[in-house]
Protein chains: 2
Amino acid sequence: MLKYQEVATKIQQAIYEHNLPKDTQLPNIEGLIQQYQVSRSTIIKALNRLERHGVIYQIQGSGIFVRQPKKRGYLNFLESHGFTVDLNDLPGASQVFNVDVVQPSAKVRENLHCEDDEQVYYIKRLRLVEGKVYGFEQSYYRKKIVTYLNREIAENSIFSYVKDICKINIGFSDKYFKAIKLDEEIAPYLGLNPGDPALCVEEIFYTTAGEPFDFSQIIYHYDNAQFYVQSHSK
Amino acid sequence: MLKYQEVATKIQQAIYEHNLPKDTQLPNIEGLIQQYQVSRSTIIKALNRLERHGVIYQIQGSGIFVRQPKKRGYLNFLESHGFTVDLNDLPGASQVFNVDVVQPSAKVRENLHCEDDEQVYYIKRLRLVEGKVYGFEQSYYRKKIVTYLNREIAENSIFSYVKDICKINIGFSDKYFKAIKLDEEIAPYLGLNPGDPALCVEEIFYTTAGEPFDFSQIIYHYDNAQFYVQSHSK
DNA sequence: AAGTGGTCTAGACCACAAC
DNA sequence: TTGTGGTCTAGACCACTTT
């Protein structure tokens, strides 16, 4: 494991374990160097990582402080489908409708940059959090990259499978979203009525090699699903 | 200006000016060192910055490549209220209803961590993009930090004023959002009907010193407003 | 084997905040 | 003035990809 990742994880764990309140000052950089026995640059890299993830904030000339904990019940929008571990995770489950191999539609082909005769896995499932309907998801995985999928995998975490079993490294993602009016087709899945609001998110995930492998459209329940994003100017 | 920022800006400009298409390979790090006459670490820092902002992606052992341009008509969700410059910006305007000094409600006090008798500026305005109603915004600024505001400033960019005139350094932000059903009070502002969908965003902005200075609630038009977020595992 | 990005180090110096 | 975080450098070495 990389040193700066290790240090970042340890500092974060220390904050959670001791339940340090917002604005608590951490040891200065010199102190952290002594504590973790790594170079200054490594400490700084770890701290910047934590800062970007909303765990701490740093003030030049002053110190390093614990950042506000997130509100409960909100999901991290950026990490809701992969990437770093979220310690405050809520219990989730999936109800899978189908796992099929299909020819992609024009829209899917465009988003995944498919070859002409390429096939994709098409998965339709309902996402549940704490027993409530959270969202209705339709996802497409390029068979060329994710060579095998089944219902059991889709009932658990496809992304864990893709990362750990397929050894695919997830690099980056684009997410597009807006509020929409539910139509007759999708509303029943969420237990809502046509015309009711929803949050529509379209995501494209890329491997570290820059190849798109997953395109998903998720329609989130307007009352059950809420998100947060933390951002930093640095 | 910082070197790594300068290098990042120049590389980004080079990409836009030459209109380099997605997946174009850039010069390798050694080449960039020669071109910009800075150290390896500075180049790497600049590249990582660009990578996080979705401008490029890097593949270990292979090279540095141009990332997909964003879809037109979508607003960068993270930069929609400050932070780094977005070159693809659309023309925007504001219709201001009021700029008042008030006693904050309990909710506002809590989000801004106000003292007991503290006052805040309360601004109510309509955000327009390309002539269309984009969102209805109610924002609160701590008078203690942003000491003066008026209608003219609110008609333009409050954030530019806060940064450039007040010399307040914006550090980080929290955003919470979900889809909602419009009520009778707000729907008319957006030219919509009660019960129609909307995207409700609550944002808190902090100074680099970690003090919250702005709490805003923005209700976005479900058809006119759409956003994107780019994310990176690094 | 050669080329490319990524990590890590030690240390100089700068910028800002608090005393 | 002192303490603190931030930038920048030069260079060694590692990890991955391509040839």
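Numbered from 1 within each chain, the chains take letters A, B, ... in sequence-line order.
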Practice item. List the steps, then state whether side-chain hydrogen bond (donor to acceptor under 3.5 Å, both in side chains) holds for A:Q230 with A:N76. Key: CA-CA 8 Å; A:Q230 292 183 310; A:N76 188 327; 5.6 Å; no
Exercise for review: Report yes or no: is the cationic atom of B:K175 (NZ for Lys, CZ for Arg) closer than 6.0 Å to the six-membered ring centre of B:F77, at no more than 45° off its axis?
Suggested key: yes
Please report, rounded to the nearest Å, how far the [atom2] atom of [N] is from the [atom1] atom of [X].
X: B:I44; N: D:dT7; atom1: CD1; atom2: C1'; answer: 15 Å
X: B:Q25; N: C:dT4; atom1: CD; atom2: P; answer: 8 Å
X: A:I64; N: D:dG3; atom1: CD1; atom2: P; answer: 16 Å
X: A:I11; N: D:dG5; atom1: CD1; atom2: P; answer: 11 Å
X: A:N48; N: C:dT7; atom1: CG; atom2: C1'; answer: 15 Å
X: A:L32; N: D:dG5; atom1: CG; atom2: C1'; answer: 11 Å
X: A:Q34; N: D:dT4; atom1: CD; atom2: P; answer: 13 Å
X: B:E30; N: C:dG6; atom1: CD; atom2: P; answer: 15 Å

Practice item. Would you please indicate yes or no on a ring centroid separation below 6.0 angstrom for B:F215 and B:F205? Key: no
**Study point:** Centroid-centroid distance, A:F227 to A:Y74, less than 6.0 Å
**Key:** no
Point to revise | Among D:dT4, D:dT7, C:dG5, the one nearest A:N28 by side-chain distance | key: D:dT4
Point to revise | Sequence-distant partners of A:L26, side-chain contact (heavy atoms from CB on, under 4.5 Å), two or more places apart | key: A:I11, A:I15, A:L20, A:I56, A:I64, A:V66
Point to revise | Check: B:Q138/B:Y122 side-chain N/O donor and acceptor closer than 3.5 Å | key: yes
Check your understanding: Is there a donor-acceptor contact under 3.5 Å linking the side chains of A:Y140 and A:N111?
Key -> no
Review point. Is the phosphate of D:dG6, meaning OP1 or OP2, less than 4.0 Å from a side-chain N or O of A:Q58?
Key: yes
Which atom pairs link the protein and nucleotides 17-19 of chain C when you take only N or O atoms and keep those under 3.5 Å?
unit_1 : atom_1 : unit_2 : atom_2 : d
C:dA17 : O4'    : A:G61  : O      : 3.2

Could you write out each protein N or O paired with an N or O of nucleotides 8-11 of chain C at a distance under 3.5 Å?
unit_1 : atom_1 : unit_2 : atom_2 : d
C:dC8  : OP1    : A:K3   : N      : 2.5
C:dC8  : OP2    : A:Y4   : N      : 3.3
C:dT9  : OP1    : A:K3   : NZ     : 2.8
C:dT9  : OP2    : A:S39  : N      : 2.9
C:dT9  : OP2    : A:S39  : OG     : 2.8
C:dT9  : OP2    : A:T42  : OG1    : 2.4
C:dA10 : N6     : A:S41  : OG     : 3.3

Practice item. Just say parallel, tilted or perpendicular for the rings of B:Y121 and B:Y148, cut-offs at 30° and 60°. Key: perpendicular
Point to revise | side-chain hydrogen bond (donor to acceptor under 3.5 Å, both in side chains) partner of A:S94, chosen from A:R151, A:E137, A:R127 | key: A:R127
